[in-house]
S.K.: 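The structure under discussion is supplied below as structure tokens; questions concerning it will follow.
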2 protein chains.
Amino acid sequence: MKKVLAIQQKIIPEMIELLKKRYEILKNIYYNQPVGRRSLSQELNLGERIIRTEVEFLKNQGLVEVNPIGMVLTKDGEKILDELKEIIYVLNDYKHLEEKVQKLLKIKRVIIVPGDSEKDKTVLKEMGRACANYVKEILHEGSIISLTGGTSVAQVVENFPRISTKDVLVLPARGGIGRDVEIQANTLTANLAKKISANYRLLHVPDNISSETLETIANEPEVKEILEILSKSDLLIFGIGRADEMSKRRGMSPQQINELISKGAVAEAFGYYFNKSGEAIFRTPSIGINFYDVKNIKNVVAIAGGKNKAEAIVATKVNNPNMVLVTDEAAANEIINILQIK
Amino acid sequence: MKKVLAIQQKIIPEMIELLKKRYEILKNIYYNQPVGRRSLSQELNLGERIIRTEVEFLKNQGLVEVNPIGMVLTKDGEKILDELKEIIYVLNDYKHLEEKVQKLLKIKRVIIVPGDSEKDKTVLKEMGRACANYVKEILHEGSIISLTGGTSVAQVVENFPRISTKDVLVLPARGGIGRDVEIQANTLTANLAKKISANYRLLHVPDNISSETLETIANEPEVKEILEILSKSDLLIFGIGRADEMSKRRGMSPQQINELISKGAVAEAFGYYFNKSGEAIFRTPSIGINFYDVKNIKNVVAIAGGKNKAEAIVATKVNNPNMVLVTDEAAANEIINILQIK
DNA sequence: AACATAGGGACAAATTAGGTCCCGTATTTA
DNA sequence: TAAATACGGGACCTAATTTGTCCCTATGTT
């Protein structure tokens, strides 16, 4: 397969471009269906007419169905889309890219999804799906999964296939982070547990409270119990954020934010802020998984994409050789840029 | 590979035409190099401008080199051409075609080359090369190869790779057939022998002589010896011709030709004329391999292409289940037409 | 009932592809 | 040695295709 594609790239490169274009269109229809011609053209930055021509073609090929309410992929279309992913993967030599990033970050594995999640929302969905598939593979009876909040992890949950598991427990990695209920760790925990028919426990802690209150809460028997189980979790899924964005989203005061940034914080993950060297220089006052425990967890899966997250990804050093990173093409290339210049 | 191509046919069907076009161009440059733009455009029945655009592209890809004396394939170009053959092969599902024809003709194997040798001279060359490769594979120490004359067999010899063999003997299957020295069995025998550094013997017999003289010659000790070795040959390569064409080329009298055709002769091979039912109804007065011996030869390789040869191919029944046919796409399709209607 | 959004029709504008002729040059031929 | 041939490349015009744009009617939503 690799050989055929290499030959084709040499002899009919236009067609390979066309292949990518149609793949993008199919993918976008799939993730937004039912969707109209005009919104598609906006999403893809392609002229309306172009979309129209391509859609007409895809319709003739029986890959999309055109209804008055919008366009939908047919069964065939979904199948082709799935098969195209593999082709695109090989075409862009992601395997090679993955290995490169994996070696630079000195982690267990990197999974790269085509595209740029900043520019194309479906890429984030693909990342979620890729991550979900990976997690599904390593899940086993008795697994204790912990996860953080955030839009990326939300996509993992969203795209997690409904499966039935045995004796699996899902926990939030931290208590009450973020304001948007949809992407809070607790919400995601519950949703994932439902999808895989697992048990779950939640951690309810108010935002931005004093350290004394925090300690009191942490010593509550019920909370304490969860924290104990949490430290035994064998699978952690977490998103990586930029320090500037996350501190704002957490509702920190401008002074605090300034202090944080001036101290060199560039990344945030599971409540810790990291500087460029990968040192944890600040901890959000909350309860949850302990930084020093993370490095002993058997499977640590980070998810983050987009060029602007690259610096944060590089900075987030959990010092766990078992870490797996799910990211996108744009971030991967930028990570290489950052680390190879040094 | 098959799967990738199947997906691509669904999602970028335009690719196939383009791929074939560029393949044809590369192939034609290769077989005619150094060649100019204009003669190429004539050869391929494509506009001069279109050749120009394509050649410019191929030049940019580093596949052809453009000199003042003409265009030449680069090393890369040759490599790509070779690899493209495989793709074209799978794309057109020749494997399937080959099996179909093989079953219809009830022979051992059919090897099909893309294209139509009537319209494109390079196709005949490809057939020759394909045949040569097959023969090369089955050659072994002590092989006795016999071959007929004709343009097709000439291409086999022409495209035979230079190899060194041990104890191989090459013989003409028949004496003195045809006028064109270049494609006489004797010439081809000598040429092939040189290419594979084998021994050879020749059969010199004048054309169209009386049967008495023929017998006298056949009893000459030297000739007799060759005929005896000939009957022991284990590899026969022969071309198949149309009865009408061959009888003319052999210089038969109009009366004889008329008689032959009215008796239903449609095919000629190694000096025998066959009717539609595959019965040998006439034998050219000459000496050489015996029809009834042919069916006992271990490897019988026939080569013939072009739509108008299909009928002759079907008619030429040597009743040897070991026969292998090397032909082109056009003939193969026509053979199926003829035999499936019945 | 009004509104938003869907696909499809239509057509001009823009771009691209293709046909044709010419020119300078290098090589072969007379 | 000179003419002839065949080469690639430049130029230009035309045909064909692609693309942008606007409008229309239908359908589902508020």
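Letters A, B, ... are given to chains in the order of the sequence lines, protein chains preceding strands, and every chain is numbered from 1. Predicted, not measured: the structure shown is a model, and the values here were computed from it.
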S.K.: What is the separation between atom CD on A:E14 and atom P on C:dT16, rounded to the nearest whole Å?
M.R.: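 Value for this atom pair: 13 Å.
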S.K.: Let me see the working for B:L26 and B:V64 under side-chain contact (heavy atoms from CB on, under 4.5 Å), right down to the final yes or no.
M.R.: CA-CA 8 Å; B:L26 274 183; B:V64 313; 4.0 Å; yes
S.K.: Just how far is it from atom OG1 of A:T187 to atom CG of A:L202, taken to the nearest 0.5 Å?
M.R.: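 Going from the OG1 atom of A:T187 to the CG atom of A:L202 covers 8.5 Å.
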S.K.: I need the single residue from A:E126, A:E43, A:K121 that forms a side chain to side chain donor-acceptor pair (under 3.5 Å) with A:Y31. Which is it?
M.R.: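 Going through A:E126, A:E43, A:K121 one by one, the side chain to side chain donor-acceptor pair (under 3.5 Å) with A:Y31 is satisfied by A:E126 alone.
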S.K.: Do nucleotides 14-30 of chain D as a string where each nucleotide becomes B, S or -: B if the base has a protein heavy atom under 4.0 Å, S if just the sugar-phosphate does, - if no protein is that close.
M.R.: -----BBBBB---SS--
S.K.: Of A:T151, A:T122, A:D328, which meets side chain to side chain donor-acceptor pair (under 3.5 Å) against A:S117?
M.R.: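 So the option named by the test is A:D328.
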S.K.: Are a donor atom and an acceptor atom from the side chains of B:E78 and B:Y30 found within less than 3.5 Å of each other?
M.R.: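 The answer is no; no qualifying pair exists.
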S.K.: Classify the side-chain pair A:T74/A:D76 by whether it contains a donor and acceptor separated by less than 3.5 Å.
M.R.: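 Not at all, the side chains of A:T74 and A:D76 share no donor-acceptor pair under 3.5 Å.
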S.K.: At what distance, to the nearest 0.5 angstrom, does CG of A:L91 lie from CG of A:L5?
M.R.: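 CG of A:L5 is found 5.5 Å from CG of A:L91.
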S.K.: Atom CG of A:L40 and atom P of C:dG8: how far apart are they, to the nearest Å?
M.R.: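 Between P of C:dG8 and CG of A:L40: 13 Å.
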S.K.: Using whole Å, report how far CD of B:Q42 lies from P of C:dT20.
M.R.: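 Rounded to the whole Å, the gap is 13 Å.
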S.K.: Could you state the CD-P distance from A:E56 to C:dA6, rounded to the nearest angstrom?
M.R.: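 Going from CD in A:E56 over to P in C:dA6 covers 16 Å.
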S.K.: Could you check how far CD of B:E65 sits from C1' of D:dG8, rounded to whole Å?
M.R.: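 About 14 Å, once rounded to whole Å.
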S.K.: Salt bridge check, A:D82 against A:K85: does any charged N sit closer than 4.0 Å to a carboxylate O?
M.R.: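 Yes, charged N to carboxylate O under 4.0 Å.
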S.K.: Can you tell me if B:S39 touches the phosphate of D:dC7, counting only side-chain N or O atoms and a distance under 4.0 Å to OP1 or OP2?
M.R.: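 So the side chain of B:S39 is within the cut-off, an N or O lying under 4.0 Å from OP1 or OP2 of D:dC7.
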S.K.: Check each residue of residues 24-32 of chain B for a non-hydrogen atom within less than 4.0 Å of any atom in DNA chain C, then write out the ones that pass by number, or none.
M.R.: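 Per residue number, the list is empty: none.
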S.K.: If I take atom CG in residue B:N60 and atom P in nucleotide D:dG8, what distance separates them, rounded to the nearest angstrom?
M.R.: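 Nearest whole value for this atom pair: 15 Å.
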S.K.: Check the distance between C:dA26's P and B:N67's CG and give it to me in whole angstrom.
M.R.: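 Atom CG in B:N67 sits about 12 Å away from atom P in C:dA26.
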S.K.: Begin from the C-alpha positions of B:K95 and B:E98 and carry the test salt bridge (charged side-chain N to carboxylate O under 4.0 Å, His left out) through to its verdict.
M.R.: CA-CA 5 Å; B:K95 195 152 205 157; B:E98 284 176 352; over 6 Å; no
